[in-house]
There are 2 protein chains.
Amino acid sequence: MDALAIQQIRQFNRTVTEGIGALHDRFLGRARPLGEARLLWEIGPEGAEVRALRSRLGLDSGYVSRLLRSLQRQRLARVRVDPGDRRVRRADLTRAGLAERAELDRRANDLALHILEPLSEHHRAALVAAMTEVERLLQASMVHVAVEDPTTPDARWCLEQYSAELDDRFDAGFDPALSIPADAHELVPPAGAFFIARLRERPVGCGALKLHRDAPAELKRMWIAPAARGLGVGRRLLQELERHAREAGAAVLRLETNHALTEAIALYRRSGYLEVDAFNDEPYAHHWFEKRLSRNHRRRRSVARTAE
Amino acid sequence: MDALAIQQIRQFNRTVTEGIGALHDRFLGRARPLGEARLLWEIGPEGAEVRALRSRLGLDSGYVSRLLRSLQRQRLARVRVDPGDRRVRRADLTRAGLAERAELDRRANDLALHILEPLSEHHRAALVAAMTEVERLLQASMVHVAVEDPTTPDARWCLEQYSAELDDRFDAGFDPALSIPADAHELVPPAGAFFIARLRERPVGCGALKLHRDAPAELKRMWIAPAARGLGVGRRLLQELERHAREAGAAVLRLETNHALTEAIALYRRSGYLEVDAFNDEPYAHHWFEKRLSRNHRRRRSVARTAE
DNA sequence: CGAATTCTCTGACTATAGTCAGAGAATGGA
DNA sequence: TCCATTCTCTGACTATAGTCAGAGAATTCG
């Protein structure tokens, strides 16, 4: 694997963590312990349920309880019982707490300004552009794909997004009732599988398989959130779907699609799918594709694996 | 100031610290406390003086002493008296310590690999390129310029680099003895000033002023380390020199230079210097420049100040 | 030579950032 | 209705990452 690339990433990590990290401490000014500051920030102007704070920050319930008491003692936050469910508490910020949060916000801005300030206009623009690029690609690298239950709220959300997008892009709109169904019960083992691609817990794409004993497997419901497009998420999702289908014993994976979905069609072609005659009567489809899943495609823990 | 740029930098900081930070902890595996791991790394294969470790890591002497004892108990390091000066101790790694350090190195590589692994070749190359760019520009932004004593080892080193570079680039080489002198005693207040540009303590450039009561100030000994070129360090150094000359009462700043120094000449022209007739008999000079230092050029704490 | 300085170590102390095991109150489901 | 679950809090405990004030040995400076 490319040793130079690895060295560059390590160098980048050093520069960013030491450089920005040191600045961060100087600007965010460790006047307040980090835990309190994070909590103060996370409560936000609207307030939040204590249990939500706990899960968002990944902290122990006892610890959050004590941090909140400390914020209360400093008259920065209030904690009250939720009238709806009297087990849960809601935290919100006092005027002083809001001011303190605004101050944190201001300091974070100052930090960014302090980085830009010494640079010329030209270099500033270059830095912001390069940062945008690094951030996008890091996010791409942090996307994980996993089989999930198609009935969870996240899964339903993805499927709704999928339908809404088709409705928006198809010339005649999209009514799931007129299309060949792929209901939840068909997308759980052993009949099929439902995959969600997530970026830090948030769903950014989905895809599903319908498995048929000896007949080709079918690829359904593939969708990538607009914000995650162009990052290779579709390619990775497709690879996972193919791997799953292969491991489930399918020799061929096939799919139908609409001519409005140009990026998807390009992805399928790029990934080795060949256009074939219509193999079903899906009313929204214009193209039918299939791909033979090679059996000997070993899954090695090597980087070369994902090379295009 | 550009609010979008600031938002982008904040977003970048979040993604990088949360994304890479989380990975960092997972890979570097908090099996060993961070303090010990840093020290183990810093001792290095060659060993190091304890006082050097202290200053490099910026740690308290008592703390380092205890950390070292802990490493000794784990048979990872040895501490011995320096035979030359029996007050100082040297630490070095045992075989086990070296193995542990190699393991840290391996894990840092794995972290980098883990970031690259999910990406396509195309996206990998783009990420590495963008990281290189961010790192370069962040470094540019971390350069600081300050007046320093021209007799310190760092100052001498800069001046040697300066001479060596001229000797290398001038057609006929460069012999300081034949050039108009600018000795250390001329480069301290009130006769003049010597500036060093530093990136994290390491010198990456220098420049000097000779001040003459009512005559124009002279710019001398300007040099930028090859690794720091193209980052705007020269421009910032020049701005500092001009500011200092202006504040010392000079109305005009002038300089002579050799035609081999094309980037320097371009910088001077870009910065408002006008070519004038020879005002001295410097044997190595081909061009003479001067710039009128405007008095009313207020130094505002605004970003616009450094715009080109 | 004697005084000041340098380098390291020890003891005593602190703050931060947690973890874990209950306990009590409120709620939801059978 | 009652049992399990959810939500929060308290007390007791831990590890990490330091800081500070000497003290003792070695060295350097005037």
Side-chain angles (χ1 to χ4, degrees), chain A residues 17-18 21-22 24-26 28-43 47-74 76-92 104 153, chain B residues 17-18 21-22 24-26 28-43 47-74 76-92 100 104:
Chain A
T17 57
E18 289 177 21
H24 189 273
D25 289 353
R26 222 182 88 220
L28 279 298
R30 316 286 338 274
R32 184 172 308 291
L34 186 58
E36 280 182 17
R38 286 210 301 159
L39 190 57
L40 181 65
W41 183 264
E42 204 64 33
I43 291 171
E49 294 185 352
V50 170
R51 60 180 176 181
L53 295 173
R54 228 167 25 224
S55 81
R56 270 188 265 161
L57 295 170
L59 299 176
D60 175 89
S61 114
Y63 186 35
V64 168
S65 173
R66 262 177 275 265
L67 285 176
L68 277 173
R69 248 219 327 262
S70 166
L71 289 178
Q72 276 184 289
R73 268 200 308 272
Q74 296 168 70
L76 297 172
R78 276 184 301 262
V79 180
R80 281 176 297 196
V81 172
D82 182 316
D85 179 341
R86 289 173 33 237
R87 288 169 304 182
V88 337
R89 316 275 146 117
R90 298 197 98 255
D92 61 355
L104 288 177
Chain B
T17 57
E18 288 177 21
H24 189 273
D25 290 353
R26 221 182 89 219
L28 278 301
R30 315 288 336 276
R32 183 172 308 292
L34 186 58
E36 281 182 17
R38 286 210 301 157
L39 190 57
L40 181 66
W41 183 263
E42 204 63 34
I43 291 172
E49 293 186 351
V50 170
R51 60 181 175 182
L53 295 173
R54 232 174 14 231
S55 81
R56 268 188 266 161
L57 294 171
L59 299 175
D60 175 90
S61 115
Y63 186 36
V64 168
S65 173
R66 262 178 275 264
L67 285 177
L68 277 173
R69 249 218 329 261
S70 165
L71 289 179
Q72 277 184 288
R73 269 200 307 274
Q74 296 169 71
L76 297 172
R78 275 183 302 262
V79 180
R80 279 175 298 195
V81 172
D82 182 317
D85 179 341
R86 287 171 35 235
R87 286 171 304 182
V88 338
R89 315 276 146 116
R90 298 197 99 255
D92 60 356
E100 187 69 18
L104 289 176

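Convention: sequence-line order gives letters A, B, ...; per-chain numbering from 1. Computed from heavy atoms alone, side chains included, the values below leave out hydrogens, waters and symmetry copies. Quick caveat, the model's predicted, so the values are computed rather than measured.
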In whole Å, what is the span from the CG atom of A:L71 to the P atom of C:dA17? 12 Å
Which residues pass the side chain to side chain donor-acceptor pair (under 3.5 Å) test with B:R80, not counting sequence neighbours? B:D92
Sub-4.0 Å heavy-atom contacts from residues 76-89 of chain A onto DNA chain D, ordered by number: A:R87, A:V88, A:R89
Is there any side-chain hydrogen bond (donor to acceptor under 3.5 Å, both in side chains) pair reaching into residues 58-72 of chain B, and which pairs are they, with sequence neighbours excluded? B:E36-B:S70, B:S70-B:Q74
Can you list the residues that meet the salt bridge (charged side-chain N to carboxylate O under 4.0 Å, His left out) rule with A:R87, with sequence neighbours excluded? A:D85
May I ask you to list the residues of residues 49-61 of chain B, by number, that have any heavy atom positioned under 4.0 Å from an atom of DNA chain C? B:V50, B:R51, B:R54, B:S61
What distance separates A:L68 CG from A:I43 CD1, expressed to the nearest 0.5 Å? 5.5 Å
5'-most contact on DNA chain C: B:L68 or A:G62, nearest heavy atom basis? B:L68
Looking only at non-hydrogen atoms, find the nearest pair between A:L104 and A:L40 and report the distance. CD1-CD2, 4.1 Å
If I take atom OG1 from residue A:T17 and atom NE2 from residue A:H24, how far apart are they, to the nearest 0.5 angstrom? 12.5 Å
Using 0.5 Å steps for rounding, measure from the CG atom of A:L59 to the CG atom of A:L57. 5.0 Å
Rounding to a whole Å, what distance do you find between B:L34:CG and D:dA15:C1'? 13 Å
For a quick check, tell me whether the side chain of B:R66 and the base of D:dG18 share a donor-acceptor pair closer than 3.5 Å. no
Scan the side chains in residues 47-56 of chain A for donor-acceptor partners under 3.5 Å anywhere in the protein, sequence neighbours excluded, and list what turns up.
residue	atom	partner	partner atom	Å
A:E49	OE1	A:R51	NE	2.6
A:E49	OE1	A:R51	NH2	3.1
A:S55	OG	A:A52	O	3.3
A:R56	NH1	A:E42	O	3.4
A:R56	NH1	A:E42	OE2	3.0

Worked verdict on B:V79 versus B:L71 for side chain to side chain contact (heavy atoms under 4.5 Å, CB included): CA-CA 10 Å; B:V79 180; B:L71 289 179; over 6 Å; no
Separation of D:dT8 C1' from A:R90 CZ (nearest whole Å): 16 Å
Rounded distance (Å) that lies between atom P of D:dA17 and atom CG of A:D25: 14 Å
Within this structure, what is the CG-to-P distance between A:L67 and D:dC9, rounded to whole angstrom? 12 Å
Whole-Å gap separating P (C:dT14) and OH (B:Y63): 18 Å
